[in-house]
Participant: 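Starting off with a structure, shown below.
This one's a predicted model, so the numbers in the text were calculated from it and none came from an experiment.
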Amino acid sequence: VRLVESGGGLVQPGGSLRLSCSASGFAFALYGMTWYRQVPGKERELVAAINMGGSSTKYTDAVRGRFTISRDNGKKTINLQMNNLKPEDTAVYYCNSAPYDSCETYRCPPRFTSWGQGTQVTVSS
């Protein structure tokens, strides 16, 4: 399994970023996919999840209405469009997989034990 995140950066509050995750080494189209984020000293938390066909999504309350998760099964990628960014969105963002039906915003254990390097998102003026 290989997961490669990209697209992070420094942005002012209210700005936008689009993260991407390129996946390989597993049957991507058959897996629900997820975005997590982590700040130093805190546990990694679920940000968004998408089912294998891309027809259903879930978001943690803190980002609902501002972030949009999507996927392209042909390209084996998932994206996270982040709008109206806030300083509290500052974190390292990671992609992974999880069984979509059992994934809850308060409990969504990742499927894969190996993680990519993540992509840093910093929201600051």
Side-chain angles (χ1 to χ4, degrees):
V1 171
R2 186 162 186 248
L3 302 165
V4 180
E5 302 89 350
S6 63
L10 173 63
V11 63
Q12 292 186 343
S16 297
L17 283 173
R18 183 176 177 85
L19 306 185
S20 293
C21 169
S22 177
S24 60
F26 62 101
F28 180 83
L30 300 182
Y31 286 72
M33 294 296 294
T34 50
W35 281 101
Y36 297 84
R37 65 186 181 187
Q38 188 171 28
V39 298
K42 293 190 176 181
E43 291 188 359
R44 202 167 297 180
E45 65 171 353
L46 179 74
V47 175
I50 188 166
N51 68 348
M52 61 181 183
S55 61
S56 184
T57 57
K58 299 177 182 178
Y59 300 92
T60 191
D61 288 346
V63 309
R64 188 175 294 112
R66 300 188 295 121
F67 290 12
T68 303
I69 187 173
S70 60
R71 66 188 296 159
D72 185 329
N73 285 347
K75 295 181 178 179
K76 297 184 180 181
T77 60
I78 61 169
N79 299 297
L80 186 68
Q81 178 66 43
M82 306 187 297
N83 298 328
N84 190 21
L85 282 160
K86 303 177 180 181
E88 52 263 42
D89 295 318
T90 296
V92 180
Y93 285 71
Y94 302 88
C95 63
N96 207 301
S97 174
Y100 183 79
D101 289 345
S102 59
C103 179
E104 302 293 344
T105 56
Y106 56 86
R107 186 178 183 277
C108 187
R111 184 188 304 272
F112 303 126
T113 56
S114 60
W115 295 84
Q117 82 288 351
T119 187
Q120 175 71 48
V121 172
T122 302
V123 185
S124 175
S125 55

Participant: I'd like to know if the side chain of R111 reaches the main chain of M33, judged simply by a donor and an acceptor atom lying under 3.5 Å from each other, with no hydrogens or angles considered.
Facilitator: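 No, the answer is negative, given that no donor and acceptor are paired below the 3.5 Å cut-off.
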
Participant: Flag the pair V63 / R37 as yes when at least one side-chain heavy-atom distance between them is below 4.5 Å, and no otherwise.
Facilitator: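 In short, these two side chains touch, coming nearer than 4.5 Å.
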
Participant: Using a cut-off of 6.0 Å, state whether more than 12 heavy atoms not belonging to R18 lie near its atom CZ.
Facilitator: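 Yes, CZ of R18 has more than 12 neighbouring heavy atoms, counting only those of other groups under 6.0 Å.
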
Participant: Go through the steps for T34 and C95 under the test side chain to side chain contact (heavy atoms under 4.5 Å, CB included), then give the verdict.
Facilitator: CA-CA 6 Å; T34 50; C95 63; over 6 Å; no

Participant: Is there a donor-acceptor contact under 3.5 Å from the side chain of K58 to the main chain of Y100?
Facilitator: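 Indeed, once roles are kept as given, a pair shorter than 3.5 Å links the two residues.
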
Participant: Please check if L85 and L10 belong to a single hydrophobic cluster, counting links between Ile, Leu, Val, Met, Phe, Trp and Tyr side chain heavy atoms closer than 4.5 Å.
Facilitator: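 No, separate clusters.
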
Participant: Which pair of non-hydrogen atoms, one from M82 and one from L19, has the smallest distance, and what is that distance?
Facilitator: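 Smallest interatomic distance, heavy atoms only, reads CE-CG, 3.7 Å.
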
Participant: Indicate yes or no for a side-chain donor-acceptor contact from R2 to the backbone of G116 under 3.5 Å, with no hydrogens or angles considered.
Facilitator: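 Pair absent, no side-chain N/O of R2 close to backbone of G116.
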
Participant: Looking at every heavy atom in both A98 and Y36, which two are closest together, and how far apart are they?
Facilitator: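 Closest approach of A98 to Y36, heavy atoms only: CB-OH, 4.1 Å.
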
Participant: Report the distance from atom SG of C21 to atom NZ of K76, rounding to the nearest 0.5 Å.
Facilitator: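 So the SG of C21 and the NZ of K76 are separated by 12.5 Å.
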
Participant: With no hydrogens and no angle check, is any side-chain donor or acceptor of Q38 less than 3.5 Å from a backbone partner on K42?
Facilitator: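 Looks like yes, one N/O pair under 3.5 Å.
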
Participant: Drop me the distance from L3's CG to S24's OG, to the nearest 0.5 angstrom.
Facilitator: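 The CG atom of L3 sits 7.5 Å away from the OG atom of S24.
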
Participant: Would you check, one step at a time, whether the test side chain to side chain contact (heavy atoms under 4.5 Å, CB included) holds for F28 with S97?
Facilitator: CA-CA 9 Å; F28 180 83; S97 174; over 6 Å; no

Participant: To the nearest 0.5 angstrom, please state how far the OG1 atom of T105 sits from the CZ atom of R64.
Facilitator: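 Those atoms lie 7.0 Å apart.
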
Participant: Is the centre of the F26 ring less than 6.0 Å from the centre of the F112 ring?
Facilitator: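 Between F26 and F112, the centre distance is under 6.0 Å.
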
Participant: Atom CZ in F67, atom CG in L17: separation rounded to 0.5 Å?
Facilitator: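 Interatomic distance, F67 CZ to L17 CG, rounded to 0.5 Å: 9.0 Å.
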
Participant: Inspect the contact between K86 and D89 and indicate whether a charged nitrogen and a carboxylate oxygen are less than 4.0 angstrom apart.
Facilitator: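 A salt bridge is absent here (no side-chain N lies under 4.0 Å from a carboxylate O).
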
Participant: Closest approach of A49 and I69, non-hydrogen atoms and distance?
Facilitator: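 That would be O-CG2, 3.7 Å.
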
Participant: Provide the closest heavy-atom pair for A91 versus V39 in the form atom of the first, atom of the second, distance.
Facilitator: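 Heavy atoms of A91 and V39 come nearest at CB-CG1, 3.6 Å.
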
Participant: When rounded to the nearest 0.5 angstrom, what distance separates CH2 in W35 from CG in N79?
Facilitator: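 So the CH2 of W35 and the CG of N79 are separated by 7.5 Å.
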
Participant: Does the side chain of S124 reach to within under 4.5 Å of the side chain of P87, using non-hydrogen atoms?
Facilitator: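 When only atoms from C-beta onward are counted, P87 and S124 do not touch, as no gap falls below 4.5 Å.
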
Participant: Hey, does V47 have a side-chain heavy atom less than 4.5 Å from the side chain of Y93?
Facilitator: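 Yes, close enough: below the 4.5 Å cut-off.
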
Participant: Considering non-hydrogen atoms only, spot the tightest contact between T77 and S22 and give its length.
Facilitator: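 Heavy-atom minimum between the residues: CG2-CA, 4.1 Å.
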
Participant: Is it true that W115 and V4 fall in one hydrophobic cluster, defined by side-chain heavy atoms closer than 4.5 Å?
Facilitator: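 As far as the 4.5 Å side-chain criterion goes, V4 and W115 are not connected within one cluster.
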
Participant: What do the steps show when you test L46 against C103 for side chain to side chain contact (heavy atoms under 4.5 Å, CB included), and what is the final call?
Facilitator: CA-CA 9 Å; L46 179 74; C103 179; 3.7 Å; yes

Participant: Find out if a path of hydrophobic residues (ILVMFWY) with successive side-chain heavy-atom gaps under 4.5 Å connects Y106 to Y59.
Facilitator: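 The answer is no; the residues belong to distinct hydrophobic clusters.
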
Participant: Taking the six-membered ring of Y94, is the NZ or CZ of R44 close enough (under 6.0 Å from the centre) and on axis enough (within 45°)?
Facilitator: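 Pair R44/Y94 counts as cation-pi.
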
Participant: Decide yes or no for V11 and T122: does some side-chain heavy atom of the first lie under 4.5 Å from some side-chain heavy atom of the second?
Facilitator: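 Result no, sub-4.5 Å side-chain heavy-atom pair not found.
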
Participant: Between N84 and G65 (side chain of the first, backbone of the second, donor and acceptor by atom type, cut-off under 3.5 Å), is there such a pair?
Facilitator: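 No; zero donor-acceptor contacts below 3.5 Å.
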
Participant: Grab the two heavy atoms, one from T119 and one from G7, that are nearest each other, plus how far apart they are.
Facilitator: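 That would be OG1-N, 3.8 Å.
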
Participant: Return the OG to CZ distance between S16 and R66, rounded to the nearest 0.5 Å.
Facilitator: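 These two atoms lie 10.0 Å from each other.
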
